[in-house]
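The structure appears below as structure tokens.
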Amino acid sequence: MTQLILDTTGTPVTMPESQKDGYRAELQPLSVDVEMVSGRIVRELRGNVWVISYQYGYFSDEMKQSVLSVCEKGRGQAITCVFLPPHSEQMITSDFLVTKLTYPKFMWSRQIMGEVAGDKGETIETLVPVPVWGDFGVELREVKPSA
């Protein structure tokens with residue numbers, strides 16, 4: 001089931017389904033503390049924003065590049081996200097900023113059949129190492145209060 005789709009340029013990146021509590025979407029209060037003339041501090045509630053936390057185990061090199069380009073863009077400007085809220089089957093679309101990003105680490109490489117150029121320019125089919133990346137995490141916060 002799709003939990004999270006990130007989009008910056010009209011080309012959405014559908015995130016793989018996260019397992020074992022790797023995906024959370026929760027409403028958090030958006031408030032500001034105001035100091036009164038008398039010295040008392042009051043908290044003014046401005047609304048609630050969605051905060052999404054997503055972690056994933058292993059990415060291919062191509063998937064890692066597309067996910068990182070979207071997330072890095074989301075650090076400086078709002079990106080459109082389609083996400084699955086808890087206790088619902090309806091996806092919600094809103095604008096989010098990336099507040100925390102954990103870059104994936106190189107985990108290992110696996111061997112796949114691929115083609116490489118030989119010494120004389122011919123194509124040779126052989127086993128080629130392909131990197132596998134892991135331990136990716138991102139946290140997103142909604143730009144405008146939704147509730």
Pair listing, salt bridge (charged side-chain N to carboxylate O under 4.0 Å, His left out) test, anchored in residues 22-33, at least two apart: Asp33-Arg43
Is there any salt bridge (charged side-chain N to carboxylate O under 4.0 Å, His left out) pair reaching into residues 75-87, and which pairs are they, with sequence neighbours excluded?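 Pairs touching residues 75-87 that pass the test: none.
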Sequence neighbours excluded, every pair satisfying ring pair (Phe, Tyr, Trp, His ring centres under 6.0 Å) that has a member inside residues 5-31: none
If every non-hydrogen atom of [X] is compared with every non-hydrogen atom of [Y], which pair is closest and at what distance?
| X | Y | value |
| --- | --- | --- |
| Ile79 | Gly74 | CG2-CA, 3.6 Å |
| Gln90 | Pro85 | O-CD, 3.3 Å |
| Val138 | Cys71 | CG2-SG, 3.9 Å |
| Trp50 | Pro86 | CZ3-CD, 3.8 Å |
| Tyr56 | Glu17 | CE1-O, 3.4 Å |

Flag the pair Val51 / Glu139 as yes when at least one side-chain heavy-atom distance between them is below 4.5 Å, and no otherwise. yes
Side chains of Ile5 and Pro12 in contact at under 4.5 Å (non-hydrogen atoms):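 Result yes, sub-4.5 Å side-chain heavy-atom pair found.
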Mind checking what makes side chain to side chain donor-acceptor pair (under 3.5 Å) contact with [X], not counting sequence neighbours?
| X | result |
| --- | --- |
| Ser94 | Glu142 |
| Glu44 | Arg46 |
| Ser66 | none |

Sequence neighbours excluded, which residues qualify as salt bridge (charged side-chain N to carboxylate O under 4.0 Å, His left out) partners of [X]?
| X | value |
| --- | --- |
| Arg40 | none |
| Asp7 | none |
| Lys105 | Asp135 |

Stepwise, does the side-chain contact (heavy atoms from CB on, under 4.5 Å) test hold for Met36 with Ile41? CA-CA 6 Å; Met36 307 302 275; Ile41 296 177; over 6 Å; no
Taking it one step at a time, do Leu6 and Leu140 satisfy side-chain contact (heavy atoms from CB on, under 4.5 Å)? CA-CA 10 Å; Leu6 307 176; Leu140 304 135; 4.2 Å; yes
Could you work out, with ring pair (Phe, Tyr, Trp, His ring centres under 6.0 Å) as the rule, every residue matching Phe96, not counting sequence neighbours?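 Testing Phe96 for ring pair (Phe, Tyr, Trp, His ring centres under 6.0 Å), a comparison that skips the adjacent residues, returns Phe83.
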Starting from the C-alpha separation in whole Å, work towards a yes-or-no answer on side-chain contact (heavy atoms from CB on, under 4.5 Å) for Leu97 and Val143. CA-CA 6 Å; Leu97 287 171; Val143 175; 4.0 Å; yes
Residues in side chain to side chain contact (heavy atoms under 4.5 Å, CB included) with Gln55, at least two apart?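 Result, side chain to side chain contact (heavy atoms under 4.5 Å, CB included) vs Gln55: none returned.
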Roughly how far, to the nearest 0.5 Å, is the CG atom of Asn48 from the CG atom of Leu30? 8.0 Å
From CA spacing to verdict: side-chain contact (heavy atoms from CB on, under 4.5 Å), Thr93, Thr80: CA-CA 7 Å; Thr93 302; Thr80 303; 3.7 Å; yes
Cluster membership besides Leu45, Ile/Leu/Val/Met/Phe/Trp/Tyr side chains within less than 4.5 angstrom, sorted by chain and number, is none
